[in-house]
Amino acid sequence: MARAGRPPQDPARQIERAHRILDAVAELVLRWGYDKTTIDDIAQRAGVAKGTIYLHWKTRDDIFAALLRRERVSLVEAVRGREPATPAELFGEFSRALLRRPLLHAVLSGDSEVLGKLTRQKRANTARLRIDGPFEDYVARLIELGAVREQPGHHVRVITSIVYGFLFLPGGLTDGPPEESPEELPDGGRPSDDRVAELVADTIERAMSTGRPLDAAAAKAVAGATLDFLDAAADLAGRKLAASLGAEPQRTGSPSTGERAR
């Protein structure tokens with residue numbers, strides 16, 4: 001029999017307990033903020049002994065890092081489930097999924113009420129969401145297929161600027177005329193998450209597309225390359241999460257309740 005306070009020896013039960021702890025961390029950080037969330041709070045909410053948490057992770061920061069990895073796995077798999085066929089659709093879906101994940105949204109926006117001291121630490125910068133996976137290979141394939149312009153280059157910078165610009169425009173994103181400042185618009189002027197996703201997709205299409213229609217074979221190849229990129233990103237995110245949980249990465253299907261992540 002396992003000693004009291006220690007994780008169960010069965011690996012599956014260990015992972016289940018780790019996810020239960022992360023569920024508690026996510027709930028408490030979003031409710032109270034990182035600075036006010038203690039290990040005692042986490043243990044009580046997760047229904048485990050305080051010592052058990054330290055057998056999974058050494059520090060509170062390590063727990064939060066594992067939680068972000070879980071959030072990123074959830075994000076990538078949600079985008080993959082929508083089966084985007086073009087880079088514009090890909091990052092439109094990325095924006096939609098991000099807006100529906102308040103913890104990741106707080107990380108990207110540097111929300112000090114949620115993140116507390118993490119916004120003042122170098123670690124907070126490294127926690128920012130990245131375009132994982134073989135992105136350069138993906139872009140090179142799109143250029144080869146005639147779906148994306150080679151010039152002016154800096155494709156990652158262009159994409160992140162568009163996505164972050166729409167998500168974090170000062171005063172909130174609006175559909176109003178450009179001469180109206182966000183402060184002058186009435187409450188509720190911000191469009192839905194779906195509309196934000198459409199605007200991101202349209203802007204990326206305008207910024208990166210060659211403007212030439214693709215034939216059926218090329219369009220199919222672009223769709224395949226997009227899904228291959230997402231599969232690679234999901235695999236990378238899953239391996240990082242598994243390392244945080246001390247588990248073998250899972251490579252099949254959509255994430256269950258206990259498999260959401262970074």
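Atom set for the values below is all heavy atoms of this structure, side chains included, hydrogens, waters and symmetry mates excluded. Residues take their numbers from the sequence shown, with the count starting at 1.
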Side chains of E77 and L230 in contact at under 4.5 Å (non-hydrogen atoms)
no
S244 backbone acceptor or donor facing W57 side chain under 3.5 Å:
yes
Between R141 and E144, does the salt bridge (charged side-chain N to carboxylate O under 4.0 Å, His left out) criterion hold? Intermediate values first, please.
CA-CA 5 Å; R141 179 60 174 151; E144 177 185 337; 2.9 Å; yes
Could you check whether any side-chain heavy atom of L245 comes within less than 4.5 Å of a side-chain heavy atom of H19, counting everything from C-beta outward?
yes
So which heavy atom on E150 is nearest to which on H155, and how close?
O-CE1, 3.6 Å
For T226 and Y138, does a side-chain donor sit closer than 3.5 Å to a side-chain acceptor?
yes
Quick one: closest heavy-atom pair of L98 and H105, and the distance?
CD1-N, 4.0 Å
Atom CD1 in I53, atom CZ in R17: separation rounded to 0.5 Å?
10.0 Å
Evaluate the criterion side-chain contact (heavy atoms from CB on, under 4.5 Å) for residue pair F135 and I159; output intermediate values, then yes/no.
CA-CA 12 Å; F135 186 73; I159 289 170; 3.4 Å; yes
Side chain proximity check, D235 to R239, heavy atoms < 4.5 angstrom
yes
May I ask you to decide if V148's main-chain N or O and T210's side chain share a donor-acceptor pair within less than 3.5 Å?
no
What heavy-atom pair brings L227 and E83 nearest, and what distance separates the two atoms?
CD2-CA, 3.9 Å
Does the structure place the NZ or CZ of R60 under 6.0 Å from the centre of the six-membered ring of Y34, at an angle of no more than 45° from the ring's axis?
yes
Side-chain heavy atoms of F91 within contact of V79, under 4.5 Å:
no
Mind listing the closest non-hydrogen atom pair of V222 and L214 along with its distance?
CG2-CD1, 3.9 Å
Check whether any side-chain heavy atom of F64 sits under 4.5 Å from a side-chain heavy atom of T59, and report yes or no.
no
Ion pair E198/R195, N-O distance below 4.0 Å
yes
What are the two closest heavy atoms between K36 and D41, and how far apart are they?
O-OD2, 3.4 Å
Mind checking the CG-CG spacing from L241 to L22? Nearest 0.5 Å is all I need.
8.0 Å
When you compare the side chain of E93 with that of R96, does any pair of heavy atoms fall below 4.5 Å?
yes
Atom CD of residue position E113 - does it have more than 12 heavy atoms of other residues, nucleotides or ligands inside 6.0 Å?
no
Does any donor atom in the side chain of R149 or S209 lie under 3.5 Å from an acceptor atom in the other side chain?
no
Can you tell me if R101 uses its side chain to pair, donor with acceptor, with the backbone of A97 under 3.5 Å?
yes
Which of these, Q14, R20, R13, sits in a side chain to side chain donor-acceptor pair (under 3.5 Å) with E16?
R20
Evaluate side-chain contact (heavy atoms from CB on, under 4.5 Å) for E71 paired with L75, printing each intermediate quantity in order.
CA-CA 6 Å; E71 287 291 305; L75 177 74; over 6 Å; no
Between CG on residue L28 and CG on residue D23, distance to nearest 0.5 Å:
10.5 Å
Close side-chain approach of D61 and L118, heavy atoms under 4.5 Å
yes
How long is the gap from OG on S109 to CG on L115, to the nearest 0.5 Å?
7.5 Å
Is the number of heavy atoms from other residues, nucleotides or ligands within 6.0 Å of CZ (R206) greater than 12?
no
Dump the intermediate steps for side-chain contact (heavy atoms from CB on, under 4.5 Å) on T160 and V156, then the final yes or no.
CA-CA 6 Å; T160 54; V156 171; 4.2 Å; yes
Any chance you could measure I204, atom CD1, to E89, atom CD, to the nearest 0.5 Å?
11.5 Å
Reported CG-to-CG distance for the pair D62 and L67, which is rounded to 0.5 angstrom:
12.5 Å
Are side-chain heavy atoms of I42 and I39 found at a separation under 4.5 Å?
yes
For the residue pair A197 and G92, what are the closest heavy atoms and their distance?
CB-O, 3.2 Å
What verdict does the side-chain contact (heavy atoms from CB on, under 4.5 Å) test give for F229 and L90, after you've listed the backbone C-alpha separation in whole Å, the side-chain angles of each residue and the deciding distance to 0.1 Å?
CA-CA 10 Å; F229 166 71; L90 167 64; 3.9 Å; yes
